[in-house]
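It should be emphasised that the depicted structure is a prediction, and the values quoted were computed from it without experimental measurement.
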Amino acid sequence: MWTLAKKLSAMGTLGINKRNAHYTLQYNPRHLYPLVDDKLRTKQLAERAGMAVPKLYGVIETQRQIKDLDSVLEPYQDFVVKPARGSGGNGILVFTGKSKHQYRRVDDMLVSQEELDYYCSNILSGIYSLGGHPDKAFIEYRVCSDPIFDGIKYQGLPDIRIIVFLGIPVMSMVRLPTRLSKGKANLHQGAIGVGIDMKTGHTLKGVWRNDILDEHPDTGNSVKGIAIPCWEDLLTLAAQCYQLTGLGYQGVDIVLDKHLGPLILEINARPGLNIQIANHEGLLPRLKLIEQHYTEIATVSERVAYAREN
């Protein structure tokens, strides 16, 4: 065990204890956490700053408002229902259309208005929230995945996680849904993490559970060498989140919509460390380099250029 720990340290691997003590604790003031722990608050904050996010259709904050849910949804054929304080993709329902008086989920199951009302009531009660606290439900635009991912995902929506340290994008990966993850882009539930070359925006090898792979297990298509569209725009959007939240160490999750381009999905003050496995490289050397030079890098464009050059 000690030999393995020394080997990982020599590779520059960032462990959870060091992440907490040296990065989240030191660079993320506790009073700023509510800005990102509440997805609705993050969305509204980004909207006010003029940053691209999926459009908000409605918010349910009280049980009384649920009786008007059908009126809120009436203009929309497809939409997403989310808990404001959910985590790991739990509590999210994606609807792709309507059939008479029912709503069609992404898995083709039909949900009645009464069932959806009950579901939203459970969200308000805190069944999906961090710590089980009372929550809010919100309805937003359903992102249509960029066609670049069509051959390397199963059903759901891929997202791109970018670690941002002191305003500089440090490391990135794309998370691809699989049959095992039930269409969710969550590595702990069985999605694939594929590293991204920070300079070019091209994908590298992938990691799935404990396996390194080149192909998506469900489609058989290669996950390597794919050019992520709008790469400069994605890095710029991620870098701007430093000013948005004030958090020095954060994970920015961005989706690519085929009509609207990059959209911020959420921001995480305690991003996971599996991104290092997906990139076959440790975070520590990159973080230490930025600590030495970040005061010399002023603008967003300079920070993005620094990330790509280094």
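A donor-acceptor contact closer than 3.5 angstrom is absent between the side chains of T42 and E266. Neither side chain, T236 nor D233, offers a donor N or O lying under 3.5 Å from an acceptor on the other.
Listed for the S129 side chain is no donor-acceptor partner under 3.5 Å among the backbone atoms of D135. Between the side chain of W208 and the backbone N or O of G193, no donor-acceptor pair lies under 3.5 Å. In this structure, the side chain of N268 engages the main chain of R270 through a donor-acceptor pair within 3.5 Å. A distance-only check finds no donor-acceptor pair linking the side chain of Q250 to the backbone of I163 [under 3.5 Å].
In this structure the side chain of L265 reaches within 4.5 angstrom of the side chain of P54, judged on heavy atoms. A heavy-atom distance below 4.5 Å is not found between the side chains of F165 and R286. Between M198 and R308 there is no side-chain heavy-atom pair separated by less than 4.5 Å. Residues D70 and L116 are not in side-chain contact: their nearest non-hydrogen atoms beyond the backbone lie 4.5 Å or more apart. Using a 4.5 Å heavy-atom cutoff, the side chains of E115 and Y103 are not in contact. Between I123 and Y128, the closest side-chain pair of non-hydrogen atoms falls below 4.5 Å.
In the displayed structure, H202 atom NE2 is contacted under 6.0 Å by more than 12 heavy atoms of other residues, nucleotides or ligands. Around the NZ atom of K224, the shell of radius 6.0 Å holds no more than 12 heavy atoms that belong to other residues, nucleotides or ligands.
Residues L73 and V111 share a single hydrophobic cluster, defined by chaining ILVMFWY side chains whose heavy atoms lie under 4.5 Å apart. Following chains of ILVMFWY side-chain contacts shorter than 4.5 Å, one can reach I152 starting from I148, so the two form part of one hydrophobic cluster. Transitive grouping of hydrophobic side chains (ILVMFWY, heavy atoms separated by less than 4.5 Å) keeps M171 and I277 in distinct clusters. Under the 4.5 Å side-chain heavy-atom criterion for grouping Ile, Leu, Val, Met, Phe, Trp and Tyr, V194 is connected to L256 within one hydrophobic cluster. No continuous path of hydrophobic side-chain contacts links M173 to I192 [ILVMFWY only; heavy atoms under 4.5 Å].
Across D159, D257, V53, a single residue satisfies side chain to side chain contact (heavy atoms under 4.5 Å, CB included) together with L263, and that is D257. If you run ring-ring contact (aromatic ring centres under 6.0 Å, His included) between Y249 and each of Y242, Y27, Y23, only Y23 comes through.
No cation-pi contact links R303 to Y306, judged by a cut-off of 6.0 Å to the six-membered ring centre and 45° from its axis.
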Check against salt bridge (Lys or Arg N to Asp or Glu O under 4.0 Å), E140 and K43: CA-CA 10 Å; E140 68 178 14; K43 175 189 287 290; 2.5 Å; yes
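Between Y141 and F79, the ring center distance fails the sub-6.0 Å criterion.
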